[in-house]
There are 2 protein chains.
Amino acid sequence: MSPSAETRPPSEARARLLGTATKIFYSEGIHSVGIDRITAEAQVTRATLYRHFSGKEDLILAYLDQADRGIRAQVAAAVSGTPSAAGQVRAVARSIVDGIRSPGFRGCAFLNAVAEYPDPEHPVHRAVLAHRQWFLDTVTGLLARVGEGRAPVDAAGRHLVMLRDGAMAAGCLFDPELISETFLHGVEGVLRDVSEKSSA
Amino acid sequence: MSPSAETRPPSEARARLLGTATKIFYSEGIHSVGIDRITAEAQVTRATLYRHFSGKEDLILAYLDQADRGIRAQVAAAVSGTPSAAGQVRAVARSIVDGIRSPGFRGCAFLNAVAEYPDPEHPVHRAVLAHRQWFLDTVTGLLARVGEGRAPVDAAGRHLVMLRDGAMAAGCLFDPELISETFLHGVEGVLRDVSEKSSA
DNA sequence: AGCGAGGTAGAACGTTCGGTCTTGTCGTGC
DNA sequence: GCACGACAAGACCGAACGTTCTACCTCGCT
């Protein structure tokens with residue numbers, strides 16, 4: 001799973017490198033920033049970068065891996081901090097709008113990355129697909145516990161992910177406040193659907 | 001408005017150039033393809049490209065402008081071919097899923113482009129915002145005629161655009177058929193919302 | 001004391017980038 | 001008949017790309 005399995009163990013320089021890469025890749029894109037930008041900003045020489053990562057692609061994968069871990073932790077925190085199933089879905093939704101509303105928000109790191117790597121065979125593209133599959137499964141699992149029963153929970157999960165994708169994509173192109181409001185409203189609709197359908 | 005206002009009039013070579021740029025930019029991204037790829041595939045020399053466009057950026061803007069015209073025509077056709085307001089919304093939605101289901105679908109050209117140009121001041125970014133504003137206004141206008149009255153049609157328009165964005169983003173990452181189904185279902189929900197609220 | 005891992009510093013590799021320029025050749029309109 | 005616009009072909013530019021290299025330093029360990 002770990003994309004940098006064959007590279008060096010953690011170190012101060014490596015952490016600085018990955019942190020800088022995360023910041024720059026997320027805010028400016030991937031193809032448009034070069035190795036030099038990252039090494040300069042991380043105050044590290046090129047040799048150091050290539051000691052910890054096998055190349056730029058490896059650094060990109062490490063960036064996405066870190067983003068993936070962050071989101072998983074964020075979802076886990078939202079879920080563990082709430083007892084009811086519907087409350088868990090709302091907590092996840094709230095964590096999403098928190099991101100959209102935060103200052104440096106530049107959309108979904110994975111959707112942005114996949115826009116630059118359309119080739120389905122490319123490791124970066126694959127990493128995005130894997131993350132998205134996990135998210136869909138997780139959300140669908142939460143919804144299944146809201147509408148306990150044989151409600152069409154798969155469709156509801158896809159609906160919720162579609163709303164999330166739209167909100168994340170538009171969150172840095174429109175007023176984040178309006179996007180958040182629209183998204184939360186949509187989430188309530190999905191919750192209503194799942195509850196109604198399962199009680200029918 | 002026209003991004004290539006100061007460049008040459010149409011010609012066979014120019015059309016070939018723009019067509020090739022459209023195909024390649026859309027399917028492979030923008031930053032990752034160079035001038036040489038486009039000129040080679042269009043069977044045109046660099047000199048010819050720079051005779052018709054002031055540079056790569058101008059070509060990108062022409063590409064987006066062409067995509068914008070295409071979508072406007074597509075929406076206009078959907079609207080003009082349907083009498084009822086709700087039918088027009090459904091026709092637009094259908095034209096969207098037609099795109100998602102078509103073979104070479106690679107997501108929204110504008111969302112993909114803006115992922116590569118995060119700087120809000122950049123002309124490419126601005127072109128994307130302009131297109132999106134037009135689309136939101138258009139969709140909101142259609143919804144206003146569905147719920148004739150003072151229904152919260154702005155929120156419904158944002159909701160519909162959010163669904164579209166999510167569908168376009170995921171359409172090339174998941175099963176297009178399921179995405180289309182989910183999207184059309186969501187559109188019906190928006191239509192129901194607008195109709196109910198206005199009749200209340 | 002000595003060794004190696006991890007780091008800095010910086011030159012250099014070959015390639016590709018976007019962009020300019022020159023030269024020659026068609027075809028059309030004046 | 002000839003000048004001009006459109007295009008082909010390709011050399012050329014400076015810069016940036018990702019990558020590799022040598023050389024030196026400085027810790028922590030044994």
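Lettering of chains follows the sequences in order, A, B, ..., and the numbering in each one begins at 1. What you see below is based on every heavy atom in this structure, not just the backbone, and it leaves out hydrogens, waters and symmetry mates.
No donor-acceptor pair under 3.5 Å is formed between the side chain of A:Ser54 and the backbone N or O of A:Tyr50. Judged by distance alone, the side chain of B:Lys56 and the main-chain N or O of B:Gly34 form no donor-acceptor pair under 3.5 Å.
Electrostatic pairing of A:Asp98 and A:Arg94 does not count as a salt bridge here, judged by no charged N lying under 4.0 Å from a carboxylate O.
Annotation: side chain of B:Ser11 is in contact with side chain of B:His52 (closest heavy-atom distance under 4.5 Å).
At whole-Å resolution of the value, CZ in A:Arg51 and P in C:dG4 are 15 Å apart. One can place CG of B:Leu49 at 11 Å from P of C:dT20, the figure rounded to the nearest angstrom. Rounded to whole Å, atom P of D:dA8 lies 15 Å from atom CZ of B:Arg14. One can place CD of A:Glu12 at 18 Å from P of D:dT26, the figure rounded to the nearest angstrom. The NE2 atom of B:His52 sits 10 Å away from the C1' atom of D:dG5 (whole-angstrom rounding).
No engagement by A:Glu57 is indicated, since no non-hydrogen atom pair under 4.0 Å with the nucleic acid exists.
Distances shown here put a side-chain N or O of B:Thr48 below 4.0 Å from the OP1 or OP2 atom of D:dA8.
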Notebook entry, point to check: Could you write nucleotides 11-18 of chain C as a row of B, S and -, 5' to 3', where a protein heavy atom under 4.0 Å of any base atom gives B, of only sugar-phosphate atoms gives S, and otherwise -?
Noted result: BB----SS
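Classified by interplanar angle (parallel below 30°, tilted 30° to 60°, perpendicular above 60°), the ring pair B:Trp134/B:His131 is tilted. Relative ring orientation between A:His31 and A:Tyr117 is described as tilted, the plane-to-plane angle lying within the 30° to 60° band.
The side chain of A:Thr45 lies closest to C:dA9, out of C:dA9, D:dA6, C:dG6.
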